[in-house]
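Each remark here refers to the structure printed beneath this line.
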Amino acid sequence: MSKKHLIFYDASCPLCQSIKSIIVKLDWFHRLEWLPVQKIHQTNYRFLRNRNLYDEIHMITSTNEIKAGFYTVRKILLNLPLAMPLAWILFLPLADKLGVPLYQFVSENRYDWFGRLEENPS
């Protein structure tokens, strides 16, 4: 069995929770594992605490690379058969020049737009 990609997400973010639930359904080959950043202190991944985990989704890939924000989203999409065409578009030259600021804009405004859930990570 191959190692999964481990995704650290903000469980207090309604947008993050909704997107996670959709991605879980599209993860037909079960390549993705999810861990709320609120529980990071209980894990062996405490070395990530100095990173901007609440403002950017993070991933440790199956090959132990650390990805953040737009680059995590791109890697997630690459692992979902139905989303692969979109993932390949995000790998086009200069796609990150638009994708990174767009991701940051959504991330910075998500609580204003969608509110915040109680601290009960799932």
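Quick caveat, the model's predicted, so the values are computed rather than measured.
Checked against I76 for a side-chain contact (heavy atoms from CB on, under 4.5 Å), the options I23, L26, I19 give a single hit: I23.
I89 and L78 are assigned to two separate hydrophobic clusters, defined by single-linkage of ILVMFWY side chains at heavy-atom distances under 4.5 Å. Linking Ile, Leu, Val, Met, Phe, Trp and Tyr residues whenever their side-chain heavy atoms come within less than 4.5 Å places F105 and L15 in a single cluster. Grouping the Ile, Leu, Val, Met, Phe, Trp and Tyr side chains by contacts below 4.5 angstrom, directly or via other members, places W113 with I22. The same ILVMFWY cluster, assembled from side-chain heavy atoms under 4.5 Å apart, contains both V106 and M59. In the hydrophobic clustering of ILVMFWY residues, with side-chain heavy atoms under 4.5 Å counting as a link, I7 and L82 come out together.
D10 places a side-chain heavy atom less than 4.5 Å from the side chain of Q38. Put simply, the side chain of C13 does not reach to within 4.5 Å of the side chain of F114, judged on heavy atoms. Counting heavy atoms from C-beta outward, R31 and L80 have side chains that stay 4.5 Å or more apart. Residues I57 and K67 fail the side-chain proximity criterion, which asks for heavy atoms closer than 4.5 Å.
Between R110 and C16, the shortest heavy-atom contact is NE-SG, 3.8 Å. Closest non-hydrogen pair, L53 versus L48, comes out as CD1-O, 3.5 Å. Residues S12 and Y111 approach most closely at OG-OH, 3.6 Å, considering heavy atoms. E56 approaches A68 most closely through the heavy-atom pair OE1-CB, 4.0 Å. In terms of heavy-atom proximity, V24 sits nearest to W34 at CG2-NE1, 3.6 Å. Nearest heavy-atom pair, H58 versus N52, reported as atom, atom and distance to 0.1 Å: CE1-O, 3.6 Å.
Between the CZ atom in F91 and the CG atom in L77 there is a gap of 9.0 Å [rounded to 0.5 Å]. Atom CD of residue E65 and atom NZ of residue K75 lie 6.0 Å apart, to the nearest 0.5 angstrom. Distance check, rounded to the nearest 0.5 Å: OH of Y45 to CG of L35 gives 8.0 Å. The line from CG of L90 to CZ of F70 is 4.5 Å long, rounded to the nearest 0.5 Å. We find the CD1-CZ distance between I60 and F8 to be 4.0 Å, quoted to the nearest 0.5 Å. In this structure, CG on L98 lies 10.0 Å from CG on L94, to the nearest 0.5 angstrom.
Between the S62 side chain and the H5 main chain, no donor and acceptor come within less than 3.5 Å of each other. Looking at Q17, its side chain does come within 3.5 Å of a backbone N or O of A11 through a donor-acceptor pair. Proximity of a side-chain donor or acceptor of S107 to a complementary backbone N or O of Y103 within less than 3.5 Å is not detected. In this structure, the side chain of D27 engages the main chain of L32 through a donor-acceptor pair within 3.5 Å.
Ion pairing between a basic and an acidic side chain is recognised when a charged N comes within 4.0 Å of a carboxylate O; R74 and D96 show no such pairing.
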- Steps toward side-chain contact (heavy atoms from CB on, under 4.5 Å) verdict (N79, M84): CA-CA 7 Å; N79 282 275; M84 275 190 192; over 6 Å; no

